[in-house]
Structure formats: structure tokens, C-alpha cells
Amino acid sequence: MKREFNDLSGKIRELKKKRDAIILVHNYQLPEVQDVADYRGDSLELSRIAAKTEAKVIIFCGVHFMAETASILCPDKKVIMPDVNAGCPMANMINAEQLRKLKKEHPKAVVVGYVNTSAEVKAELDVCCTSTNAVAVVNALIKEEEIIFVPDKYLADYVSKHTHKKLISWNGFCPTHVKILPEDIKREKKFHPQAKVMVHPECLPQVVALADEVLSTSKMCQFAKETSAKEIIVGTEVGLIYRLKKDNPAKEFYPASEAAVCPNMKRATQEKILWALEELKEEVEVPDSIRLRARKAIDRMLQIV
Ligand code: 13P
Ligand code: SF4
């Protein structure tokens, strides 16, 4: 994932101070982008940092729904994406109209939505969740008989198995994580018999079944630090390997599949971050009519966890 580039980190640091900006970076971003981060993290951590920051400007290096979530939580801040075309194909698999139709078909159901959804879809949810807390959020819904869970059918499958609740799911999935196949895990286990296997819950159920740990990206970073295992097979987007290696130089990390690349997560570069700081563009804003309803679903999640 290393590419030739002009190191602009000095200029970025200087301009960041002038603009009173912080740079938030998802764990899948290019190494050159991770290297200029004020904070790296998973979807939940980045939202929490966005909610707390005193900075006036947030440069968000991730995909569109993540920047929208930051904007929902801090409407008084300028949330800027270095490349506003970085979308999440899974989030785009359901829109507000489709969800409203599903809700009509199940009028008594409570609606849980993965954070990988647009702001418009979040506005239709009762409660939001992330890969870190999806099981805890669904478990907290004690009385609800019917639960709609959108958009990831594989995360829904994982949550259902761990909560013993039947979920009405949507036919969404992550095109990157489905590239990791059970054969990949079996092959890597054969090559590295001592290695632990950690995978993201967006993976296929047959892949999840072969894992020692099923974790969000930041929980993977935590597990890698804390485990006594010296070798780990990593079943998620390959960008995470850079951080894992940097944080744990004495350990070995093997990507389950080199094919697991999310092109949208590679759109931000140091050049684009510098432009974003110079021009203060492209801003991601959510109109109040949607923001206030979406905020309720996020706040309910934060109360639960
Ligand atoms: P995390 O919240 O685990 O970082 O996952 C976000 C994502 O988009 C996974 O594909
Ligand atoms: Fe979306 Fe998958 Fe990319 Fe994550 S890895 S941003 S879920 S497409």
C-alpha cells in the first residue's frame, strides 16, 4: 500500500495550527495519511473524538458516512473531507425510502442501523450501532419482539447468533470484506499454525466461524497489543496492517487476503489534505431536519454503551 509521494507533513502541521484543525483518520487509510493523523480510530472512536474536540475544523479522512456522523455530532464545526467522493458502497445499499417501506411492513419493529448508513437513513432509526457495540445495543433491547437490522446482512447474522434474537435484516454487505474467503483463512492457518485469527464482523459467516476473535478495527489493534500471540492473521481491509505493524514491531501480521482493499478508503492523500486545509473544502453538512432525528439514534447508542 506504500506509494511514492512528496512528504507534505511539515506543511500540513503548520497550516493545521493556523486553521485550528484536527485530522481524524480511519484505520484503513493510506500510511502517508495515518502518519499525519491527530487521532486514528474505528468509526465509534472517531465519532467520540469529533464530539469532544475543541478544534474549529475537522479534516475527516475516512468515508462519507463517517464525516456525516461527525457533522451530526458537531454542527458548529466545519467537517471537511479531503476527497468528498469517498463513499461506502455498503452504506449506499439502502436509502431512506427503502427503509421507510421496510418499517411499514413491520410497524411494531424497533429499527437498529449500523453506523455505515447515510444521515437520511440514520434519521429513520431508533438506535444506531457500530461493529464494536452491535451485540450490546441489540441485547439492550429487552422487550422488543421484532428488530429490524440494516444494512449489513453479515453483521446481522453475527449479532443474531450472539444475542439469540431473530433479526429482520437487509440484503447489504461490504464488497471488500466478502472478498475474504474461508479458503484464505485455512491457507494462512496452514502457513502459520501458531497464529491467532482475528476478523471483522462484516466478513462472511463461514469466515467468522474460523476466527479466534471477531472485532472492530480498533479492537483488533487493542487485541494485537494485549495478546501473547506473536503472529496474527488479519481478516479485514489490508490498510489496518500498517498500524498493527507500527504499533507492534516485534509481532508478525498476515493479511487473510490481499484482495481486501476498500478503494474509497484510499482516496485521501497528503496532497488532498493540504488542499483541504488551504481551501477549507469540501464541507460535509447535514440539514437540521435530518440531523436532529439522526442525532437521537446516535445518542441512544452512546447511552447504551
Ligand atoms: P470499524 O468501525 O470497525 O473501523 O469499521 C468500519 C468499516 O467501515 C469497516 O469496513
Ligand atoms: Fe464500506 Fe466496506 Fe469500505 Fe468499510 S471497507 S468503508 S464497509 S466498503
Side-chain angles (χ1 to χ4, degrees), residues 1 24-30 33-34 37 39-50 60-70 73 81-94 113-118 121-122 128-137 149-156 158-159 170-180 198-204 207-208 211 213-224 234-244 255-268 284 298 301-302 305:
M1 210 50 67
L24 302 188
V25 173
H26 188 266
N27 291 322
Y28 294 157
Q29 293 280 304
L30 289 173
V33 173
Q34 295 200 29
Y39 299 95
R40 291 173 302 177
D42 64 13
S43 313
L44 180 63
E45 284 175 328
L46 294 178
S47 322
R48 285 200 152 132
I49 294 161
F60 209 113
C61 305
V63 288
H64 197 263
F65 77 81
M66 295 180 179
E68 267 188 342
T69 307
L73 291 168
M81 285 184 78
D83 188 326
V84 81
N85 294 316
C88 166
M90 181 212 280
N92 295 338
M93 286 178 190
I94 189 162
Y114 194 21
V115 68
N116 295 40
T117 43
S118 67
V121 167
K122 283 193 183 75
C128 187
C129 71
T130 70
S131 51
T132 311
N133 60 32
V135 169
V137 166
F149 190 102
V150 295
D152 186 0
K153 61 179 168 184
Y154 298 127
L155 181 61
Y158 175 75
V159 170
W170 187 252
N171 191 22
F173 59 91
C174 165
T176 298
H177 282 86
V178 298
K179 292 208 172 105
I180 303 170
M198 58 183 188
V199 307
H200 198 276
E202 289 173 15
C203 286
L204 296 168
V207 167
V208 168
E213 303 288 334
V214 183
L215 302 165
S216 77
T217 58
S218 283
K219 291 284 173 195
M220 285 186 186
C221 296
Q222 191 184 332
F223 174 76
V234 185
T236 194
E237 210 276 344
V238 294
L240 188 70
I241 301 278
Y242 176 71
R243 176 169 174 188
L244 291 169
S257 168
E258 295 282 0
V261 178
C262 176
N264 287 284
M265 281 286 186
K266 312 301 175 202
R267 294 186 80 113
V284 175
I298 298 173
M301 164 183 83
L302 294 174
V305 299

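One-based numbering, in listed order, for ligands and for the atoms of each.
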Part of His26 within contact of ligand 1 (heavy atoms, under 4.0 Å) | side chain

Does ligand 2 have an atom that lies less than 4.0 angstrom from a heavy atom of Glu237?
-> no

To atom 6 (C) of ligand 1, the nearest of Cys262, Gly62, Ser43 on a heavy-atom basis is Ser43

Compare every heavy atom of Val33 with every heavy atom of Gln29, then report the nearest pair and how far apart it is.
-> OE1-CG1, 3.8 Å

Without hydrogens or angle criteria, can the side chains of Glu45 and Ser218 be said to hold a donor-acceptor pair below 3.5 Å?
-> yes

List every atom of ligand 1 that sits less than 4.0 Å from any heavy atom of His177, numbering the atoms from 1 in the order shown and giving each element.
-> 10 (O)

Atoms of ligand 1 less than 4.0 Å from Glu202 heavy atoms?
-> 7 (C), 9 (C), 10 (O)

Minimal heavy-atom distance between Val84 and His64, with the atoms involved, is O-CD2, 3.9 Å

Would Thr236 and Tyr28 count as having a side-chain donor-acceptor pair, cut-off 3.5 Å?
-> yes

Measure across Val63 and Gly87 and return the closest heavy-atom pair with its distance rounded to 0.1 Å.
-> CG1-O, 3.4 Å

Closest contact, heavy atoms only, Ile180 versus Gly235 = CD1-C, 3.6 Å

re atom 5 (O) of ligand 1, the protein heavy-atom contact at minimum distance is His200 NE2, 3.3 Å

Could you tally the protein N/O/S atoms lying less than 2.8 Å away from atom 1 (Fe) of ligand 2?
-> 1

Could you walk me through whether Leu302 and Asn133 pass side-chain contact (heavy atoms from CB on, under 4.5 Å), step by step?
-> CA-CA 10 Å; Leu302 294 174; Asn133 60 32; over 6 Å; no

Could you tell me if any non-hydrogen atom of Met220 lies under 4.0 Å from any atom of ligand 1?
-> no

Hey, is ligand 1 close enough to Ser131 that some N/O pair sits below 3.5 Å?
-> yes

Run the contact test for Glu237 against ligand 1 with a 4.0 Å cut-off on heavy atoms, strictly below, and give the result.
-> no

Check: Tyr158 and Val214 side chains under 4.5 Å, non-hydrogen atoms = yes

Does Asp42, backbone or side chain, put an N or O under 3.5 Å from an N or O of ligand 1?
-> no

Ser216 neighbourhood, listing ligand 1 atoms whose heavy-atom distance to it stays under 4.0 Å | 3 (O)

Without hydrogens or angle criteria, can the side chains of Asp42 and Ser131 be said to hold a donor-acceptor pair below 3.5 Å?
-> no

Which atoms of ligand 2 have any heavy atom of Glu202 under 4.0 Å away?
-> 2 (Fe), 7 (S)

Here the pair of heavy atoms bringing Val178 nearest to Tyr154 is CG1-CE1, 3.6 Å

Take atom NZ of Lys219 as the centre, draw a 6.0 Å sphere, and report whether it contains more than 12 heavy atoms from other residues, nucleotides or ligands.
-> no

Which atom of Ser216 lies closest to which atom of Pro201, heavy atoms considered = N-CD, 4.5 Å

Leu24 side chain near Cys61 side chain, heavy-atom distance below 4.5 Å | no

Considering only the protein, which heavy-atom contact is closest to atom 8 (O) of ligand 1, and what is its distance?
-> Asn116 ND2, 3.3 Å

What do you reckon, does Asn27 put a non-hydrogen atom under 4.0 Å from ligand 1?
-> no

